[in-house]
Amino acid sequence: MPQYKKPMSNEEFNLNFAQIKPLMSDTEAYYESSRCLYCYDAPCITACPTGIDIPLFIRQINSKNEQGAAKTIYDSNIFGYACGKVCPTEVLCEGACVYNHSDVKPIEIGRLQSYATKKSIDSGKKHFNFKAPIGKKVAIIGAGPAGISCGAELSLHGVSVDIFEAREKPSGLTVYGVAPYKITNEEVLSEMEYLEAQYGFKIHYNKFINTRSEIEELQNAYDAIFLGIGLWRSSELGIPGEELDQVTGAVEFIEDLRMQKHQTQIGGKVIVLGGGNTAMDAASESCRMGAADVVIAYRRSHEEMGAYAFEYELAKAAGIRSLFNVMPVEIIGSTSVSAVRFVRTKVEDGKVTVIDGTEFTEPCDWVIKATGQSRQEDLLDMIGIGRSKSGNILVDGEYRTSHHKYFAAGDAVSGGQEVVNAVAEGKKAAKAILKNI
Amino acid sequence: MPSLHVNFAGIKSPNPFWLASAPPTNSGYQIMKAFDAGWGGAVWKTLGVPIVNVSSRYGSVNYRNSRMMGFNNIELISDRPLKDNLKEITEVKKRFPDHAVIASLMVQSKKEWHQIVQDVTNAGADGIELNFGCPHGMCERGMGSAVGQEPEVLKTIVGWVMEVAKIPVITKLTPNITDITQPALAAAEAGSDAISLINTIQSIVGVDIDDFTPYPKVDGKSTNGGYCGPAVKPIALNMLKNCAQHPGVKIPISGIGGVENWRDAVEFILLGATTVQVCTAVMHYGFGIIREMVAGLESYMEDKGFATINDFAGKALPKVVLWEDLNLKYKVVASIDASKCIGCQLCYTACEDGAHQAIGLTGGTDRKPYIIEENCVGCNLCSLVCPVEHCITMERRDDGLVNETWEHRTETGNIPTTFNDRLAGGLHHTLPDPMAALHVKKPRHYGTKKQS
Ligand SMILES: Cc1cc2nc3c(=O)[nH]c(=O)nc-3n(C[C@H](O)[C@H](O)[C@H](O)COP(=O)(O)OP(=O)(O)OC[C@H]3O[C@@H](n4cnc5c(N)ncnc54)[C@H](O)[C@@H]3O)c2cc1C
Ligand SMILES: Cc1cc2nc3c(=O)[nH]c(=O)nc-3n(C[C@H](O)[C@H](O)[C@H](O)COP(=O)(O)O)c2cc1C
Ligand code: SF4
Ligand code: SF4
Ligand code: SF4
């Protein structure tokens, strides 16, 4: 059972959503950096999608050259601060640290990374020399990790960059989707401000690109267009009762949570549908919002959950319960939801089949759907961008889409990964764009 | 139960652990507290001519997260009135009659020496230590290391002291000299009952790279100080060995320099010391460390079957020989225990860049390196850098039947004499072509253009 009291103020919200990777003090950073072995051809570097030279920046921290450390980090990953806090380091750099092979705790690479980059963000120190303008213009749709990473790299090489963003804040899901106990809005936005000041790309906010005329305008005015649009709204389940009040999508709920904080509507008994990381996050977050009972309901078995083990552990620690091998068939209620009717399932040859006669009803006050995100099909059809069966944008090895002027990367291509993957791909796409314009 | 009791040149002490003459022995208050905690003896902070001190006074060498691995000071001798010190010596002896109280002294003229020796004897001190070691502040006034660096001057002054001394006299030596046995011999010849070594090593501990002032800083300036702490132990052990092996130095030796725990003490004793003195470790951790020192030494002696300190004092000395007496046929090679290896590849890079290119990588996903035995010279380096205990061991490869030293080979005319002599070492090593350095696969942190 969740042990959290409903937060009634911003302060109480911050307490319930206390940072799980808090900033290091100078002393802690010094001690932790002392432990790094400075491995040869270090496996932590290989495990980082952006290939940060981890032993180098840790050594720089240890010799009290934090700005140099920040430069090393930003050189590979311009979301250096955010990634240090939101990356699933357990399965990336820290999971690869050689210390895992002895019985010694791996180096806290993520926290060291945020420690060093914070010094640059706070001081506003600029690290890079920009190439003279090369007379080319690129438009970027979406100011998420992929778009900003691509834009920063292009700016560095003298390209004039305009980023068009539908929302009013930059960083995409980093500020609108990641769990608040991983990073605060202020932290995300201060890094974004630092990047904007340093790189000089322009972000045009509240510019949702969705009409043919807007698209044509961009195509005429720019040498290339990069699609960093990520994924779209939470997927529909296609069962009766979805339109009832207090039935919401996970990304919508989380966006609300990040913006409204303690004023977010949630409570009582919450059923979260899904078995991925987003489901774990939404469940954990419901607990921390003071919900009395939070149940994760997943179609398959525990072992088949898409969520990382540590994310499931985190949700369990927050007080969730789980139902495995159950599928929702109907959401019941008059205006608001009052229960979900499930049927039990089994998995045969990898396929989920329902077991007849096993239906049961689970009462609840809220339903959060975390069974995936849809795609912006209208926009992509309008431009004429080829997609895979699951709706992901198809690109070649150079991040080129089926339309010669369009490049794409990030969640819109991968179908949903991590911030760090979007950053890595955005940068690679920029390099490809530079070759092609 | 072994006995830790020692009789050092006539000074009796319940154990061989003494506090060195330094800030921890500045007052009767501190020394009583130390004896109460279990210290066997204390060498009082050096008494003598009046001085003034500066502020600040100390600097430190930190190695990564280890603080005060090396420690440096520009402090002088006691700045407290002599009569207060004498009074407190009497008080301490009254309360702790079985503990050793040694008065450290430093004055200039013969008359002053005679007077102060008598004063501390009357106060009840068990012995005297002559401070010929301080490497800053006092030497400029013709005392401290200025004496310790001149064996003839040292001999004269020890002579003055011996004329009046009724209690044992220890001469404390400075390491700021090429051959430590010269002042040691001079002290012995002048009749000193014992020697103690080392005092601090002349040093500059570091420089503030922002305001260009070395540490410790005194109003924007600094001066050279005396270096001590764990970092100086190897230098102290070598000087101790030199004195203890010298046939002319037959007097007892009190070992000083980087002693921090019972293991350090055992090492000093094995190389010939019969008491040890401690300063930095107490300045760092306080008097309480004595419990671990006494308990550790006791159980070591019990395990080894040593009944007294003398049972093992100097036991390592026969094992320190000249280089030319080492067995050239002895051959070890490195061996990696793959079950312990964590794949950090520090051994690889150390041997590849810093030794003999005798470690290889498979290049696959298996990060565990392997030893190329033909190239391994048995230098130990890889086993020293390996972060995992007992992972790289050095395995013996010769048959152990032949002992052939440089000395033997010289006698039989079997030594290399020209630069290209086939008898020279190293000729059989397989070295890569120098140009290969520019083409071999290198990881990212080498930052070279020729990356893999
Ligand atoms: C609930 C949740 C939790 C997550 N937690 C983590 C985590 O802890 N750690 C982690 O590393 N990753 C996490 N992720 C994944 C991570 O957020 C994404 O992989 C990453 O943000 C993808 O970056 P992107 O730039 O491709 O897309 P997004 O971050 O989605 O950014 C796309 C941007 O484009 C804008 N946009 C879209 N369409 C248009 C348009 N037509 N016109 C103008 N603008 C448009 C959007 O408003 C948005 O700002 C999480 C994801 C979710 C959903
Ligand atoms: C294995 C080894 C061999 C050395 N050989 C030499 C030498 O041949 N000639 C020399 O002038 N110094 C030699 N030195 C001393 C070093 O040049 C240097 O003065 C000393 O190691 C102190 O520097 P450090 O504290 O950075 O090691 C050697 C040092 C080491 C560790
Ligand atoms: S693997 Fe661990 S110890 Fe090795 S360089 Fe990376 S962080 Fe340091
Ligand atoms: S002992 Fe020396 S030469 Fe042999 S493998 Fe180790 S480092 Fe290389
Ligand atoms: S140094 Fe030790 S742990 Fe590291 S790769 Fe070599 S043998 Fe393995």
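Within every chain, numbering begins at 1; the chains are lettered A, B, ... in the order of the sequence lines, protein sequences first and strands thereafter.
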- Item | Point-to-point distance, once rounded to the nearest 0.5 Å, from OH of A/Y40 to CG of B/D353 | 7.0 Å
- For the atom pair OG1 (A/T27) and CG (B/N65), what is the distance rounded to the nearest 0.5 Å? 11.5 Å
- Message: Is A/P43 close to chain B through its backbone or its side chain, or both, or neither, when contacts mean heavy atoms under 4.5 Å?
- Response: both
- Just wondering, more than 12 heavy atoms not from B/D303 lying within 6.0 Å of its CG? yes
- Give a yes or no on whether B/L431 atom CG has more than 12 heavy-atom contacts from other residues, nucleotides or ligands under 6.0 Å away. yes
- Approximate separation, where rounding is to 0.5 Å, of A/Y38 OH and B/L346 CG: 10.5 Å
- Pick from B/C347, B/G343, B/P387, B/S66: which one has the most heavy-atom pairs with chain A under 4.5 Å? B/P387
- Item | Separation of A/S33 OG from B/R64 CZ (nearest 0.5 Å) | 7.5 Å
- Examine whether an atom of A/L56 lies under 4.5 Å from a heavy atom of chain B, and if so say whether it belongs to the side chain, the backbone or both; otherwise answer neither. neither
- NZ/B/K368 to NE2/A/H101 distance, rounded to the nearest 0.5 angstrom? 8.0 Å
- Residues, nucleotides or ligands: over 12 heavy atoms within 6.0 Å of B/R396 CZ: yes
- Item | Greater than 12 external heavy atoms within 6.0 Å of A/K125's NZ | no
- Message: Does B/R397, at its CZ atom, have more than 12 non-hydrogen atoms belonging to other residues, nucleotides or ligands within less than 6.0 Å?
- Response: yes
- Hey, does B/I342 have a side-chain heavy atom less than 4.5 Å from the side chain of A/V104? no
- Counting only heavy atoms closer than 4.5 Å, note whether A/C44 contacts chain B via side chain, backbone, both or neither. neither
- Message: Within the supplied structure, the quantity of interest is the number of heavy atoms (other residues, nucleotides, ligands) at a distance under 6.0 Å from B/Y63 OH; does it exceed 12?
- Response: no
- Item | Check: B/R367 and A/D41 side chains under 4.5 Å, non-hydrogen atoms | yes
